J.: 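Sharing a structure here in structure tokens format.
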There are 2 protein chains.
Amino acid sequence: MKIGVLGTGMVGVALATKLVELGHDVVMGAREASNEKAAAWKAKMRGKAATGTFADAAKHGTLLVNATRGSGSIAALDLAGGNNLNGKVLLDVANPLDFSKGMPPTLTVTNTDSLGEQIQRAFPEVKVVKTLNTVNASLMVMPRSLPQEHSVFLAGNDNLAKKAAAALLKEFGWRDAEIVDVGSIQASRGLEAWLLLWVSLMGALGTPHFNLKLVKAG
Amino acid sequence: MKIGVLGTGMVGVALATKLVELGHDVVMGAREASNEKAAAWKAKMRGKAATGTFADAAKHGTLLVNATRGSGSIAALDLAGGNNLNGKVLLDVANPLDFSKGMPPTLTVTNTDSLGEQIQRAFPEVKVVKTLNTVNASLMVMPRSLPQEHSVFLAGNDNLAKKAAAALLKEFGWRDAEIVDVGSIQASRGLEAWLLLWVSLMGALGTPHFNLKLVKAG
């Protein structure tokens with residue numbers, strides 16, 4: 001599949017690399033086409049992937065991934081351009097975390113709104129699916145690195161888009177029973193607010209290599 | 001143990017009932033000693049428990065439980081009185097949920113603060129332990145009603161108080177491996193913010209009878 005990954009940080013690199021390994025045709029987008037992290041990633045991919053601006057990546061992909069920093073996501077998507085985004089599925093894996101005031105980080109939007117909802121409102125023709133933001137970058141693409149089943153969530157207004165997202169998660173190694181649909185894009189509030197607990201757990205456990213499993217009555 | 005349970009709602013009743021069943025000497029406290037829900041509960045306990053004001057319950061208990069509505073918790077504890085609270089362990093199981101604007105509920109405090117922290121600041125001599133607020137009332141006292149292990153969290157500044165809380169959780173049926181210390185009372189932010197995801201999951205699953213299990217690397 002042609003996939004555009006917006007963002008060159010740890011999450012963007014982890015996702016784009018896995019997608020290339022899976023045989024997808026990936027363009028990693030950055031603010032500047034000359035972005036050094038993107039160039040370093042492209043070199044590692046040995047000709048199997050391309051880089052460009054946010055607009056280049058968005059134009060290329062039939063499915064898009066927002067892996068930009070949460071505080072810059074709307075600006076990045078504005079640069080990508082509505083014409084390149086409209087009608088497409090956008091996996092929003094970003095978190096609106098603010099580390100500027102030290103630890104623990106806070107959220108720049110929460111409680112009565114969320115980044116997922118902000119993106120959906122700003123780009124009503126885009127099929128936004130909030131997913132994967134609840135786990136760290138390596139777990140996103142290596143779910144089997146934990147010894148037991150655990151859960152990943154989908155929130156979005158378009159059921160077909162959520163199915164497309166689930167199909168990609170399964171390519172990453174997530175199992176059907178691990179993929180939990182939590183409802184409309186409004187459920188991004190909970191998926192993003194979970195980061196506040198995630199940060200405390202990371203501190204208590206001393207590792208980001210953990211996740212939660214949904215346990216239901218039998 | 002002498003235990004004071006502040007609050008007469010579903011959570012207060014579930015916890016107080018279980019504590020009586022376990023043989024504890026319980027006083028359920030309400031704003032008014034004549035509270036009808038408390039009286040109905042006392043009648044069901046057939047002389048094995050007592051009721052009174054918040055101050056009566058707080059004075060009685062060597063360990064206390066805040067099961068009041070989050071929006072009224074500080075006021076309830078003010079009525080209980082610092083003299084009756086100071087030096088004691090207070091399990092804070094309340095959530096600062098606001099349903100006044102319809103669904104989904106929002107939090108009256110979150111992100112940069114939490115109810116757990118507000119209580120600890122208002123009563124610095126009280127050993128506040130945030131716990132059990134992440135599951136519904138029946139799961140609090142019937143953890144084995146789910147088919148697999150799942151997790152419950154402790155946040156607080158006093159390690160002995162967290163041990164006392166863990167001991168009580170074990171009496172309820174929680175297993176050692178299920179009880180996760182997430183750090184200081186500041187971690188209440190994450191434990192309370194988790195409710196935003198809990199509410200979405202309850203809607204998606206159609207039942208409040210679920211929980212999360214922490215899954216770590218082996």
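Only a predicted model underlies this, so the values are computations on that prediction, with no experimental measurement involved. Throughout, a chain's letter reflects where its sequence line sits, starting with A, and its residues are numbered from 1.
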J.: Considering only heavy atoms and a distance below 4.5 Å, find which of B:R189, B:K213, B:H209 pairs most often with chain A.
T.: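 The answer is B:K213.
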J.: Considering all heavy atoms of both residues, which atom of B:R144 and which atom of B:W174 are nearest to each other, and what is their separation?
T.: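 Shortest heavy-atom separation between B:R144 and B:W174 comes out as NH1-CA, 4.2 Å.
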J.: Given that the side chain runs from C-beta out, which part of A:N111 has a heavy atom under 4.5 Å from chain B: side chain, backbone, both or neither?
T.: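 Contact with chain B is through both the backbone and side chain of A:N111.
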J.: Which heavy atom in A:L168 sits nearest to a heavy atom in A:L63, and how many Å separate them?
T.: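 Minimum heavy-atom separation between A:L168 and A:L63: CD2-CD2, 4.0 Å.
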J.: Against chain A, work out which of B:Q148, B:E149, B:H150, B:E192 has the most heavy-atom pairs shorter than 4.5 Å and name it.
T.: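 Most heavy-atom pairs under 4.5 Å with chain A: B:Q148.
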J.: Donor-acceptor check, side chain of A:D92 to backbone of A:V128, threshold 3.5 angstrom: yes or no?
T.: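 Side chain of A:D92 to backbone of A:V128, a donor-acceptor pair under 3.5 Å: no, none is there.
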J.: Relative to chain B, which segment of A:T110 carries a heavy atom at a distance below 4.5 Å: side chain, backbone, both, or neither?
T.: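 Just its side chain gets close to chain B.
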J.: Does any heavy atom of chain B fall under 4.5 Å from the side chain of A:Q186, the backbone, both, or neither of them?
T.: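 When you check distances to chain B, only side chain atoms of A:Q186 fall under 4.5 Å.
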J.: Does the ring center of A:F153 lie less than 6.0 Å from the ring center of A:W194?
T.: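 Judged by ring-centre distance (under 6.0 Å), A:F153 and A:W194 do not meet the cut-off.
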J.: For A:V180, is it the side chain, the backbone, both, or neither that has a heavy atom closer than 4.5 Å to a heavy atom of chain B?
T.: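 Side chain only.
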J.: Does any heavy atom of chain B fall under 4.5 Å from the side chain of A:L107, the backbone, both, or neither of them?
T.: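 For A:L107, heavy atoms of backbone and side chain both lie under 4.5 Å from chain B.
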J.: When heavy-atom pairs shorter than 4.5 Å are enumerated against chain A, which of B:D181, B:L201, B:V199 gives the highest number?
T.: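 Winner by heavy-atom pair count: B:L201.
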J.: Tell me the closest heavy-atom pair linking A:P105 and A:L196, and the distance in Å.
T.: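 Closest heavy-atom pair between A:P105 and A:L196: O-CD2, 3.9 Å.
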J.: What option among B:G183, B:P147, B:G203, B:A204 has the most heavy-atom pairs under 4.5 Å with chain A?
T.: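 Heavy-atom pair counts peak at B:P147.
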J.: Which pair of heavy atoms, one from B:A14 and one from B:V141, lies closest together, and at what distance?
T.: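 Closest pair (atom of B:A14, atom of B:V141, distance): O-CG1, 3.9 Å.
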J.: Let's test your reading of the structure: which of A:S151, A:A187, A:A217, A:S145 forms the most heavy-atom pairs below 4.5 Å with chain B?
T.: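 With the most close heavy-atom pairs to chain B, the winner is A:A217.
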J.: Roughly how far apart are A:D158 CG and A:L160 CG, rounded to 0.5 Å?
T.: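 That separation rounds to 5.5 Å.
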